[in-house]
4 protein chains.
Amino acid sequence: MQVFEQMLSSSPNRTGQDRGTLEDCIQACAECGLTCTSCADACLGERELESLRKCIRLNQDCADTCGVTGTILARQFDGDVDFIRALLESCARICAACGAECQKHAEHHEHCRICADSCRRCEEQCRAALRMLPASA
Amino acid sequence: MQVFEQMLSSSPNRTGQDRGTLEDCIQACAECGLTCTSCADACLGERELESLRKCIRLNQDCADTCGVTGTILARQFDGDVDFIRALLESCARICAACGAECQKHAEHHEHCRICADSCRRCEEQCRAALRMLPASA
Amino acid sequence: MQVFEQMLSSSPNRTGQDRGTLEDCIQACAECGLTCTSCADACLGERELESLRKCIRLNQDCADTCGVTGTILARQFDGDVDFIRALLESCARICAACGAECQKHAEHHEHCRICADSCRRCEEQCRAALRMLPASA
Amino acid sequence: MQVFEQMLSSSPNRTGQDRGTLEDCIQACAECGLTCTSCADACLGERELESLRKCIRLNQDCADTCGVTGTILARQFDGDVDFIRALLESCARICAACGAECQKHAEHHEHCRICADSCRRCEEQCRAALRMLPASA
């Protein structure tokens with residue numbers, strides 16, 4: 001999403017974060033959100049649905065959380081740093097939990113393997129963004 | 001939302017949380033989410049828009065976070081406790097920040113006064129839900 | 001959510017719609033959104049999960065659509081009437097589809113019975129809101 | 001988001017739509033959703049905030065609607081075609097309205113120019129997806 005990079009550069013609002021790290025995190029959240037929605041949906045169509053209940057649950061939570069985290073990071077005007085830190089922590093945590101569950105099914109379901117990778121990347125980007133956050137007031 | 005209370009009672013999924021506390025928190029999140037959306041919108045129509053920039057920003061973040069927190073708490077099947085704890089922390093934090101900003105405008109704008117109250121109640125309910133969460137694995 | 005009613009009354013933004021109808025629709029959307037999230041989650045924990053695949057799918061779509069419809073209706077400042085009409089049509093449509101699917105399982109699952117009722121009420125409220133919308137420009 | 005393309009290909013759920021068109025629409029929705037969130041935020045930080053009220057309002061609606069449309073299109077299992085058609089219509093409509101408003105500010109604000117382009121692309125992708133939808137039952 002090159003367009004979105006241009007978008008952030010054209011904003012009058014400055015950010016305490018390194019812009020490249022921030023962009024990478026927003027894009028990882030957007031990708032992971034859609035990937036988790038798609039993995040939950042793919043699981044719903046699998047024959048061995050029984051064993052995928054927990055995967056669906058965590059995929060739904062991860063999709064919702066990545067979606068809202070990406071949206072909130074896309075706002076640069078005068079946010080609350082302590083909140084953004086807590087939100088990034090929660091996003092990293094659900095990415096870790098969802099990625100670990102997907103990994104268990106990675107040999108049987110290609111969509112779970114891809115989703116586990118996407119969760120890992122998103123967790124890493126959230127952790128990188130956390131390191132860039134300014135100290136709280 | 002009495003209907004939603006019946007809904008939770010009819011679920012096969014048990015929860016580690018006290019059901020009344022959980023319901024109260026979900027409903028506080030739903031109310032605070034809509035109230036913050038509405039306060040941001042009301043601010044957008046005020047003559048002294050300049051002074052309400054930060055209020056709009058925090059209202060947007062609070063609306064998004066309360067919405068997703070209520071949704072995730074409404075799921076009872078086999079969630080990740082550490083994630084839910086982190087999410088509730090982040091929701092309590094943005095409610096505190098948004099409520100404090102709205103309070104600054106409470107004398108001039110009735111919608112900010114109402115929103116500040118709604119944020120305080122939601123913060124309290126998130127804190128009550130946090131105390132009910134089972135210890136992490 | 002009495003608080004939310006006070007909120008709308010304190011907004012500087014006027015609406016072309018009858019306020020009571022608008023409030024009822026927003027609250028029906030909020031309730032139906034949570035009820036559908038909760039029904040999808042309850043289905044996920046049922047023994048006869050196989051027969052509930054489609055119910056879960058439609059519950060997810062209905063939850064997402066009701067959530068965003070309620071949020072957008074809570075904004076009163078200078079919206080686009082043709083868009084709001086199309087959004088209400090799409091919300092009424094998914095409520096009808098989801099309610100019909102839940103109704104098929106209403107005898108076996110109390111949560112599906114409650115959810116079918118909630119979908120019907122939300123569809124009705126969306127249709128009532130549609131009748132109140134000003135003619136498009 | 002190449003990852004997401006792989007994701008859709010690995011799903012057991014078949015779609016009535018041409019896969020390339022569907023992917024393009026999902027990605028246009030994801031991009032336009034973030035771009036509109038970012039444009040609303042950039043507007044909030046501009047000196048001439050007064051003239052950007054309507055732009056902020058429409059950006060918010062467009063961000064929410066694109067987000068939910070992308071999410072719902074990412075689900076392939078047994079959806080309701082009439083609903084998806086109505087949702088795509090509503091998404092195309094808000095993209096048109098938001099793009100037209102952003103275009104008015106395109107000479108003064110680069111973020112509005114970029115956002116107007118993103119809205120136009122998303123509207124086109126929604127219309128392309130509409131043409132690919134199977135006839136309703």
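Residue numbers start from 1 in every chain, and the chains themselves are labelled A, B, ... in the order their sequence lines are given, proteins ahead of strands. Side chains included, hydrogens not; waters and symmetry mates left out as well; all remaining heavy atoms used.
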- Looking just at side-chain N and O atoms, do C:H108 and C:E48 make a donor-acceptor pair shorter than 3.5 Å? no

- Message: If we define contacts as heavy-atom pairs under 4.5 Å, which of D:R53, D:R75, D:R93 has the most with chain C?
- Response: D:R75

- Pick one of side chain, backbone, both or neither for C:E101, based on which atoms fall under 4.5 Å of a heavy atom in chain D. neither

- Query: Is chain D contacted by the side chain of C:I94, its backbone, both, or neither, given a heavy-atom distance below 4.5 Å?
  - Reply: both

- Message: Whether C:R85 and D:E89 form a salt bridge (side-chain N of Lys/Arg under 4.0 Å from carboxylate O of Asp/Glu) is what I want to check.
- Response: no

- Task: Decide yes or no on salt bridge (charged side-chain N to carboxylate O under 4.0 Å, His left out) for C:E124 and C:R121, but give the supporting numbers first.
- Result: CA-CA 5 Å; C:E124 278 164 29; C:R121 267 195 307 280; over 6 Å; no

- Tell me yes or no: between the side chains of D:Q76 and D:S11, is some donor less than 3.5 Å from an acceptor? no

